[in-house]
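A short worksheet on the structure shown next.
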Amino acid sequence: MEVLVLPTADDVDVRAADIVAEQVSRRPDTVLGVATGSSPLGAYRELARRQAHGLLDLTRLTCFALDEYVGLPAGHPSGYAAVLERELVRPIGLPPARMRVPDGSREDLEAACRDYEEAVGLAGGVDLQILGIGANGHIGFNEPGSSLSSRTRVKALSARTRADNARFFKAPDDVPTHCITQGLGTILDARRVLLVAQGERKAAAVAAAVEGPVSAMCPASVLQFHRAVTVVVDEAAAGQLALTDYYRFVAEAKHRLRQEER
Ligand code: GLP
């Protein structure tokens, strides 16, 4: 696992955008896994800025969202389909059909989950998966206790996650109780993973994910099994990591090596 500790949240946004840009320059038709929540929004804005300045072409991406609430009417502004439409699809000029989001309004939710897994497979799998992390260590909506090999399925949201996400709804009771989320096994299938976290509120979850035991109690810790994970955090989110000096040493050494190669 590569851990990059950067001074500020803005630095996290820029570095995350750099990593996406590198991937897209290698493969313009990249399959990008996208997270919602507030953590990746700055990176999305930075990507849109680069697109607007002609520094990058993101219009050939295919995107798959991690998750969606169950039971919101189609087009609900807090639904992840609408959030991604506002925050990513429109700003980067992506053809809307190339943003796929699980269909949480379908009557047969199990079929919606199966279809989603199949669609990811048909697209050739996710090349780069962007993740945030919940304060309880969830990724996607895989709450503590999730099977470490789970696939896309319906999950009940924890009280903590519903409370955390109440800020996106008019009233706390409006937060749906269930969701469809890619499973931890689905996420592990991505070829590369980029996890971003900012702020002190995430420090315990980041430490548990990166340095704690691999455990369903911290679903993000399953990423320790993945061979190509980059964790990009600001100082505040890195606050409870034990090996920060080592991560800095590795990052500086890599940077020096890259400069020497030029
Ligand atoms: C949300 C999403 C996750 C997100 C996480 C953190 O509920 N389902 O994909 O990474 O919780 O959210 P935020 O980035 O707003 O802190």
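Whatever order the structure lists them in is the order used to number ligands and atoms, beginning at 1. Predicted model only: the values in this text are computed from it and were never measured. Just so you know, residue 1 is the first one in the sequence shown, and it goes up from there. Only this structure's heavy atoms are used, side chains among them; waters, hydrogens and symmetry mates stay out.
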Under 4.0 Å from a heavy atom of Tyr80: give me the atoms of ligand 1 that qualify, with their elements.
1 (C), 2 (C), 7 (O), 8 (N)

Tell me, which protein residue and heavy-atom name are nearest atom 8 (N) of ligand 1, and how many Å apart are they?
Asp67 OD2, 2.8 Å

Among Val196, Asn142, Ile133, Leu41, closest by any non-hydrogen atom to atom 6 (C) of ligand 1
Ile133

Just checking Phe168 against Tyr80, ring centres under 6.0 Å apart?
no

From the options Gln129, Gln182, Glu117, Arg151, select the one residue that forms a side chain to side chain contact (heavy atoms under 4.5 Å, CB included) with Asp189.
Arg151

Answer yes if Leu41 and Ile130 sit in the same cluster of Ile, Leu, Val, Met, Phe, Trp and Tyr residues linked by side chain heavy atoms under 4.5 Å apart, and no otherwise.
yes

Which of the numbered atoms in ligand 1 are below 4.0 angstrom from a heavy atom of Asn165?
1 (C), 7 (O)

Within ligand 1, which atoms have a heavy atom of Lys202 less than 4.0 Å away?
13 (P), 14 (O), 16 (O)

A student comparing Ala135, Pro40, Gly140 should find that the heavy atom closest to atom 3 (C) of ligand 1 comes from Gly140

Test applied, side chain to side chain contact (heavy atoms under 4.5 Å, CB included); reference residue, Arg50; option that passes from Leu56, Ile92, Leu58:
Leu56

If I compare all heavy atoms of Val222 with all of Val214, which pair ends up nearest, and what's the gap?
CA-CG1, 4.2 Å

Of the backbone atoms (N, CA, C, O) and the side-chain heavy atoms from C-beta on, which set of Arg201 has a member under 4.0 Å from an atom of ligand 1: side chain, backbone, both, or neither?
side chain

Using the ring of each side chain (for Trp, its six-membered ring), is Phe169 parallel, tilted or perpendicular to Tyr69, with breaks at 30° and 60°?
perpendicular

On a heavy-atom basis, which atom in Arg100 and which in Ala119 lie closest, and how many Å separate them?
NH2-CB, 3.6 Å

Give a yes or no on whether a salt bridge exists between Arg27 and Asp29, defined as a side-chain N under 4.0 angstrom from a carboxylate O.
yes

Which heavy atom of the protein is the closest neighbour of atom 5 (C) of ligand 1, given with residue, atom name and distance?
His138 NE2, 3.3 Å

Contacting atoms of ligand 1, where contact means under 4.0 angstrom from a heavy atom of Phe141:
7 (O), 8 (N)

The one among Gly134, Ala35, Gly132, Gly37 that brings a heavy atom closest to atom 10 (O) of ligand 1
Gly132

The protein heavy atom nearest to atom 4 (C) of ligand 1 is Thr36 O, 4.0 Å

Would you mind listing which atoms of ligand 1 come within a distance below 4.0 Å of any non-hydrogen atom of Ser38?
13 (P), 14 (O), 15 (O), 16 (O)

Tell me whether ligand 1 is touched by Arg167 - counting only heavy atoms on the residue side and a distance under 4.0 Å.
yes

Any idea which protein heavy atom is nearest atom 14 (O) of ligand 1, and the distance to it?
Ser39 OG, 2.5 Å

Just by modelled atom types, is the Thr30 backbone N or O under 3.5 Å from a matching donor or acceptor in the Asp127 side chain?
no

